[in-house]
Amino acid sequence: MLSIGLSMLGLSRFQFAMTTVFHFFFVPFSIGLAFIVAIMETVYVIKKDDTYKDMAKFWGKIFLYSFAVGVVTGIIQEFQFGMNWSDYSRFMGDIFGAPLAIEALAAFFLESTFIGLWMFTWDRFNKGIHCLFIWLTAFGSTLSALWILAANSFMQNPVGYAMNAAQHKVEMTSFSAVIMNRQLWNEFPHVIFGAFLTAAFVVAGCSAWRLLKKDHEHFYRKSMKVSLIIGLIACMGSVWSGDTQTRYLINNQPMKFAAMEGIYKNSTNKGDWSAAQGIKNHQKTWSIEIPYVLNILGHHSLNGTFKGQEQVNKELKAKYNKNGETRNYYVPTRTLFWSFRIMAISAGLFGLVAIVGLWFNRMKSQSIMRQRWFLYLMGLMVWLPFIVNTCGWFVTEFGRYPWVVYGLLTIADAVSPTSTVASLLFTNIVYFLIFASLGAVMIILSHRVLKQGPDSVTTDGYSSKTEESSKVDPYEMGAAHND
């Protein structure tokens with residue numbers, strides 16, 4: 001195995017990346033869709049319009065599928081800490097323990113309890129109480145994200161800890177410092193706005209595909225309107241929170257920022273920004289540059305300078321290399337540079353499509369039905385949020401290379417010493433097949449829901465008391481004569 005270039009570290013990293021990326025397909029989607037369904041049901045409670053009730057039930061089905069797949073992949077992801085990253089678990093156990101325990105015992109229990117109550121009690125509680133169930137579910141999913149991100153933010157910016165040198169691990173000294181970590185409160189809004197954006201454009205895109213078939217026009221146009229309003233707000237929130245987070249990186253993780261912007265030597269006051277560039281060996285081979293844009297983006301000013309990767313690498317080597325070490329601290333520049341631009345370009349596209357879509361879909365206008373090219377575009381954009389979320393994960397996680405806990409523990413020192421190339425290769429193949437199967441099942445079931453249409457929510461037992469036939473007791477005398 002080793003002869004073809006496979007290593008325990010490489011396979012362990014690939015397995016964790018594969019598991020996390022696949023899990024992260026469903027986490028933002030289910031968080032955002034829970035809120036969209038909650039908003040739809042709230043409108044139903046306020047306006048007494050049964051269309052919004054059917055919308056909440058219909059899109060709620062797809063939410064349930066995504067929630068289930070997210071739980072399964074999340075369990076597999078947690079196994080990774082003991083299987084392939086046992087040294088990391090020993091090092092971080094005292095820090096990770098509290099946030100993950102609270103996430104499981106409080107947030108996840110809240111979410112899973114009320115999702116069941118919401119799913120099975122449409123006819124057993126009044127409208128307001130039943131609507132509260134889906135809001136508590138959405139709130140629980142958001143709390144889960146908060147606690148997971150609290151642990152991740154420590155890995156990006158360690159705070160509230162003391163180093164136990166004898167046992168080679170970190171110990172928590174201030175739980176409040178971990179929770180108030182500035183990295184967390186830059187990261188959390190961006191993830192949540194991204195979740196809303198993901199769900200909004202999936203709902204809008206699926207609605208567009210059905211409108212192309214002229215299927216339940218009234219239902220899908222209302223679904224599109226609600227989702228695009230949410231999507232436009234989420235797009236603006238994503239841009240704001242992304243800008244805040246990026247500016248924070250200038251001082252907190254300067255190598256990550258320099259790679260995102262393709263800065264190799266210290267910038268001048270002119271602030272040339274690379275819209276695109278060729279990259280080889282941490283140097284640019286060509287570049288399309290626009291003056292002053294870098295200063296506007298990074299400093300919100302025409303003046304200012306930024307450290308390049310060469311300067312940052314020298315500073316990090318002086319700070320962290322001990323006993324003659326020669327380790328460099330360059331990150332995968334090409335991945336970060338293009339991932340960041342995919343996110344930025346996509347944000348503009350999301351905002352533009354949301355505005356145009358709301359205009360075409362305005363009340364008492366049939367423009368949306370005549371603009372088939374736009375419906376095709378929106379339908380194809382179903383996949384774009386998942387690509388953007390993956391790019392965001394690449395920037396966040398690859399940007400702290402070679403650290404798994406920034407400044408404290410390298411990736412190479414975190415891998416399990418008992419893993420083998422053979423076992424890792426086998427589990428990589430098995431996990432890939434499992435994830436591919438789960439993804440296929442999710443797509444097939446969601447497609448089936450879309451093909452069945454909104455009428456299915458009153459005919460498949462999801463809301464058993466909406467059909468007149470369900471009110472007939474089959475054992476009542478004379479019931480057989482009702483055929």
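- Taking the six-membered ring where tryptophan is involved, the planes of Phe67 and Phe108 are essentially parallel, since the angle between them stays under 30° and well short of 60°.
- Here the side chains of Phe188 and Ser153 are not in contact, with every heavy-atom distance at 4.5 Å or above.
- The environment of CZ in Phe398 is crowded: more than 12 heavy-atom neighbours from other residues, nucleotides or ligands sit within 6.0 Å.
- Considering only heavy atoms from C-beta on, Val191 stays 4.5 Å or farther from Pro28 through its side chain.
- In this structure the side chain of Ile36 reaches within 4.5 angstrom of the side chain of Met40, judged on heavy atoms.
- For the pair Glu261 and Lys256, the salt-bridge criterion is not met [side-chain N within less than 4.0 Å of a carboxylate O].
- A distance of 13.0 Å separates CD1 of Ile75 from OG1 of Thr19, quoted to the nearest 0.5 Å.
- Taking 4.5 Å as the limit, some side-chain heavy atom of Asp87 sits within range of a side-chain heavy atom of Arg90.
- Checking Gln371, Lys225, Lys222, Arg221 one by one against Asn361, the side-chain hydrogen bond (donor to acceptor under 3.5 Å, both in side chains) holds for a single residue, Arg221.
- Around atom CZ of Arg448, no more than 12 heavy atoms belonging to other residues, nucleotides or ligands sit under 6.0 Å away.
- Ring orientation note: the planes of Phe63 and Trp118 are nearly perpendicular, at an angle over 60° on the 30°/60° scale.
- A salt bridge does not link Lys57 to Asp54: none of the charged nitrogens lies less than 4.0 Å from a carboxylate oxygen.
- Of the residues Trp403, Phe16, Phe96, the one that meets the ring pair (Phe, Tyr, Trp, His ring centres under 6.0 Å) test with Tyr88 is Phe96.
- For the side chain to side chain contact (heavy atoms under 4.5 Å, CB included) with Phe25, the qualifying choice from Thr73, Thr198, Thr390, Val69 is Thr390, the only one to do so.
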List, one per line, each side-chain donor-acceptor pair under 3.5 Å for residues 437-446, sequence neighbours excluded.
from: Ser437; atom 1: OG; to: Leu433; atom 2: O; distance (Å): 2.8
from: Ser446; atom 1: OG; to: Met442; atom 2: O; distance (Å): 2.8

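- Other residues, nucleotides and ligands place more than 12 heavy atoms under 6.0 Å from the CE atom of Met18.
- Considering CD of Gln277 and CD of Gln283, their distance stands at 10.0 Å, rounded to 0.5 Å.
- Residue-environment remark: NZ (Lys307) stays at or below the threshold of 12 foreign heavy atoms within 6.0 Å.
- Contact of the Gln183 side chain with the Asn152 side chain is not registered, since no non-hydrogen atoms from C-beta on lie closer than 4.5 Å.
- The backbone N or O of Val27 sits less than 3.5 Å from a side-chain atom of Ser30, completing a donor-acceptor pair.
- Ser416 places a side-chain N or O within donor-acceptor distance of the main-chain N or O of Met83, the cut-off being under 3.5 Å.
- Checked options Tyr220, Phe201, Trp59; the residue passing with Cys206 is Trp59 (criterion: side chain to side chain contact (heavy atoms under 4.5 Å, CB included)).
- Between Thr142 atom OG1 and Ile192 atom CD1 the span is 5.0 Å, to the nearest 0.5 Å.
- Counted within 6.0 Å of CZ on Phe175, heavy atoms from surrounding residues, nucleotides or ligands total more than 12; the atom is thus considered enclosed.
- A 6.0 Å sphere centred on OH of Tyr248 holds more than 12 heavy atoms belonging to other residues, nucleotides or ligands.
- Contacts of Tyr161 classified as ring pair (Phe, Tyr, Trp, His ring centres under 6.0 Å), with partners at least two apart in sequence or in another chain: Phe154.
- Glu171 contributes no side-chain N or O that, together with a main-chain N or O of Asn164, makes up a donor-acceptor pair within less than 3.5 Å.
- Other residues, nucleotides and ligands contribute more than 12 heavy atoms inside 6.0 Å of the CZ atom of Phe374.
- For Lys317, the NZ atom counts as densely surrounded, since its 6.0 Å shell holds more than 12 non-hydrogen atoms of other residues, nucleotides or ligands.
- Between Ile115 and Met119 the shortest side-chain heavy-atom distance does not fall below 4.5 Å.
- The aromatic ring centres of Phe14 and Tyr431 sit 6.0 Å or more apart.
- The shortest side-chain heavy-atom distance between Ile230 and Phe35 does not fall under the 4.5 Å cut-off.
- Within the 4.5 Å cutoff, side-chain heavy atoms of Phe394 are placed close to those of Val21.
- Using cut-offs of 30° and 60° for the angle between ring planes, the Phe386 and Trp383 rings count as tilted.
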